[in-house]
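Chain A is the first sequence line, chain B the second, and so forth, proteins listed ahead of strands; every chain is numbered from 1.
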Amino acid sequence: MMNDNSNFIKTIMKNELESGVVDHILTRFPPEPNAYLHIGHARAIITNFELAKFFNGATNLRFDDTNPSKEDTEYVEAIKEDLKWLGYTPQKITYGSNYFEKTYEKAVLLIKKNLAYVDDLDQETLSKYRDTNNGAGIESPYRNRSVEENLFLFEQMRAGVYQNGEKTLRAKIDMASPNINLRDPVIYRIMHVNHHQTKDKWCIYPMYDFAHPLQDAFEGITHSLCSIEFEDHRPLYEWVINNCEVEAHPRQIEWGRLGITHMIMSKRYLKELVDEGLVTGYDDPRMPTLVGLRRRGFTPDAIKNFILSTGLSKVNSTVDYGMLEHCLREDLKLKAPRPMAILHPLKVVITNYPEGQIEYVDALNNMENESLGTHKMAFGRTIYIEEEDFCEEKPNKHWKRLSKGLEVRLMHAYFIKCNEVIKDENGKIIELHCTYDEKTKSGTAFNERKPNGTIHYVEATTALKATFNLFEPLILDEKVQLTNFKEHINPHSWQTVEGYVEEFLKDTKKEDKYQFIRNGYYTTDYTSKGDKLVFNRIVGLKSSFVS
RNA sequence: AGGGCUAUAGCCAAGCGGUAAGGCAACGGACUUUGACUCCGUCAUUCGAUAGUUCGAAUCUAUCUAGCCCUACCA
């Protein structure tokens with residue numbers, strides 16, 4: 001990939017490799033299967049995979065499924081699909097639940113080392129004891145149970161003797177630590193619930209802080225990358241690694257979170273949008289999910305390039321949405337064919353062109369990339385141009401489109417001159433009468449006079465009707481209260497216009513991308529059925545002229 | 001309140017004691033069969049603030065300020 005900024009994690013890995021601290025790189029992408037992936041996850045995926053690839057290492061996909069009450073296989077499958085779409089193949093696909101037995105054994109080991117105990121405190125009291133809001137925490141009265149008793153009680157917990165919440169297993173660390181994560185954190189809780197992978201085998205489940213470092217160690221992960229909010233969990237991560245007698249010694253490194261202007265990625269927000277029916281689903285093109293962006297027409301390369309070029313640091317950053325669009329334009333520029341589409345048609349009659357005659361001109365599919373070939377484009381007596389490409393009186397000297405009395409080039413065809421403007425009873429322009437000049441045909445190197453610009457068109461009798469969906473991402477205020485986010489959703493985030501495209505587009509395929517001349521980049525809507533052409537706008541052109 | 005982290009242009013971001021890369025955005029100009037693309041030019045005398053060390057500081061030290069995160073039997 002281009003624009004690959006160097007970053008602090010790459011530097012750390014390089015140094016460790018050179019000094020022999022590690023002899024290879026193995027990273028992991030560890031999503032919890034409880035949500036659809038969004039562009040924020042894409043950063044974790046791309047960073048983990050690209051970093052490993054850079055050092056000839058590998059990456060595992062590990063489903064972090066230690067809380068079955070929130071998880072589902074629906075998400076497991078969606079995540080696998082997203083990863084595949086982005087073009088990454090994990091070395092292994094694993095589940096945290098693969099290691100439940102080994103994790104349990106490590107918990108028993110901690111008990112035997114007198115580093116863990118079964119606690120009977122209820123949730124509220126336990127929480128109050130850990131954070132007294134005033135200096136050190138308070139030790140649980142159960143903190144000093146004997147190893148034998150703890151061993152017995154933990155076994156009973158596993159055997160299902162107790163109800164949810166009745167007991168927990170806690171690590172015995174330091175109730176006076178200023179870092180509350182170290183004040184005897186709960187490492188196992190009782191949860192009588194069916195797990196999507198292990199079904200009814202377990203009724204106790206390890207907490208993230210205990211399970212994660214162990215899973216990393218079991219898999220031999222060298223670098224465990226996560227976001228910045230886990231930074232003060234790192235001492236606990238290391239405590240687990242150091243006390244559980246594991247072979248590997250993975251290292252946790254944190255980075256800042258990525259935000260994008262106009263895109264809110266809170267799980268809860270996305271879920272509410274879907275549940276309340278405000279969008280058509282997680283793959284609604286306005287959603288920041290990977291499936292949404294994909295349906296909108298974003299390409300994996302554009303997303304990769306966006307992530308790599310925005311860099312990586314410990315700062316929580318908010319990148320302009322325009323940056324994402326730039327990366328897409330950059331990716332599509334030489335790949336997308338550039339046919340004509342008219343979104344707001346204005347009828348033009350070429351009065352000196354024979355009635356009923358159609359001729360075909362050659363049009364390069366992409367002026368900058370001849371390898372994309374050519375197609376035939378119809379020209380005839382009646383054509384459509386964009387409403388905005390005509391202004392009765394030339395508004396200013398910068399105007400490079402059609403006006404009464406002026407001549408413009410129809411791209412790939414002829415010069416036309418506007419002689420007459422037809423209006424309806426309200427004064428609205430409904431038709432233009434023009435004449436064409438046969439000598440000016442495209443490709444003849446005619447240069448006796450300069451036209452007042454170049455505009456695009458489609459021939460009326462051969463053009464295909466098409467629907468254009470013009471999307472805006474769901475725009476919300478940065479600080480909006482999620483409780484009334486609905487009031488802040490732009491009601492015009494999805495607009496539809498009916499227009500025309502060239503006939504050669506009749507064979508569009510699912511996910512084909514086009515750059516419509518002067519109308520920006522579009523993708524074929526792969527949910528469209530039958531002969532109806534539907535195009536979703538991905539991004540517009542960089543700037544549009546305003547007279 | 002305590003603990004942790006961060007601070008370089010409108011937005012990202014390199015830089016790691018030797019005199020502020022790059023990208024996005026913006027603004028000029030050239031070119032053009034897309035007002036696109038491309039090309040050329042402009043855009044931080046200064047790195048959150050203030051002191052200090054040094055021949056020399058964005059880089060080291062001290063203090064201050066602002067923002068984010070944590071105080072779940074979530075991850």
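- Listed pair A:T261 / B:rC11 fails the phosphate criterion, with no side-chain N or O lying under 4.0 Å from OP1 or OP2.
- In this structure, A:R43 atom CZ and B:rC12 atom P are separated by 11 Å, rounded to whole Å.
- At the heavy-atom level, A:H212 lies nowhere under 4.0 Å from the strands shown.
- Considering only side-chain N and O atoms, A:K333 lies under 4.0 angstrom from the phosphate OP1 or OP2 of B:rU38.
- A distance below 6.0 Å separates the ring centres of A:F100 and A:H195.
- Taking 3.5 Å as the limit, the base of B:rG3 and the side chain of A:N179 contain no donor-acceptor pair of atoms between them.
- Note on A:F230: a base of the nucleic acid sits closer than 4.0 angstrom, heavy atoms only.
- The CE atom of A:M367 sits 15 Å away from the P atom of B:rC37 (whole-angstrom rounding).
- Within 4.0 Å of A:I517, counting heavy atoms only, lies at least one base atom of the nucleic acid.
- Residue side chain A:S442 reaches the base of B:rU33 through a donor-acceptor N/O pair under 3.5 Å, judged by distance alone.
- The side chain of A:K400 places no N or O atom within less than 4.0 Å of a non-bridging phosphate oxygen (OP1 or OP2) of B:rU34.
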note = Applying the Watson-Crick and G-U criteria (both distances under 3.5 angstrom) with [ ] for crossing and | for other-strand pairs, one obtains for RNA chain B ((((((((.[[[..)..(...]]].(((((.......))))).....[[[[[..)....]]]]])))))))....
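- Whole-Å rounding puts the A:H326 NE2 to B:rC12 P distance at 17 Å.
- Residue contacts shown for A:I204 are absent, as no nucleic acid heavy atom lies under 4.0 Å away.
- For A:E238 and A:R234, the salt-bridge test fails: no basic side-chain N is under 4.0 Å from an acidic carboxylate O.
- In this structure, the CG atom of A:D65 is 12 Å from the C1' atom of B:rA75, given to the nearest Å.
- A:S317 has no side-chain polar atom (N or O) that falls below the 4.0 Å cut-off from OP1 or OP2 of B:rC12.
- Here A:D122 lies in heavy-atom contact (under 4.0 Å) with a base.
- If you check every strand for non-hydrogen atoms under 4.0 Å, A:E368 touches a base.
- Among the atoms of the strands shown, base atoms are found under 4.0 Å from some heavy atom of A:H412.
- Residue contacts shown for A:E229 are limited to sugar-phosphate atoms, with no base heavy atom under 4.0 Å away.
- Close to B:rA75, at under 4.0 Å from its OP1 or OP2, lies a side-chain N or O of A:R189.
- Nearest-nucleotide assignment on RNA chain B puts the 5′-proximal partner with A:T11, out of A:N164 and A:T11.
- Checking A:D216 against A:S224 by side-chain atom types alone, a donor-acceptor pair falls below 3.5 Å.
- When ring centroids are compared, A:H212 and A:Y208 come within the 6.0 Å threshold.
- Under a 4.0 Å N-O distance rule, the pair A:R449/A:E407 qualifies as a salt bridge.
- Summary of the strand contacts: A:N181 and A:P31 both lie near RNA chain B, and taking for each the nucleotide with the nearest heavy atom, the more 5' one is attributed to A:N181.
- As judged by a 4.0 angstrom heavy-atom cut-off over every strand, A:S177 is placed among residues making no nucleic acid contact.
- Evaluation of atom-type donor-acceptor distances gives a pair under 3.5 Å for the side chain of A:R338 against the base of B:rU34.
- Atom OH in A:Y457 sits roughly 14 Å away from atom C1' in B:rU34 (whole-Å rounding).
- Taking 3.5 Å as the limit, the base of B:rU34 and the side chain of A:Q515 contain a donor-acceptor pair of atoms between them.
- Atom P of nucleotide B:rA72 and atom OH of A:Y208 are separated by 17 Å, given to the nearest angstrom.
- As a whole-Å value, the separation of A:L541 CG from B:rU34 P is 12 Å.
- A centroid separation of 6.0 Å or more is found between the aromatic rings of A:Y117 and A:Y142.
- Here B:rC73 presents its P atom at 12 Å from OH of A:Y117, a figure rounded to the nearest Å.
- A:F390 is not listed as a side-chain neighbour of A:R401, based on a closest heavy-atom distance of 4.5 Å or more.
- Contacts of A:S69 with the nucleic acid, taken as non-hydrogen atoms under 4.0 Å apart, are absent.
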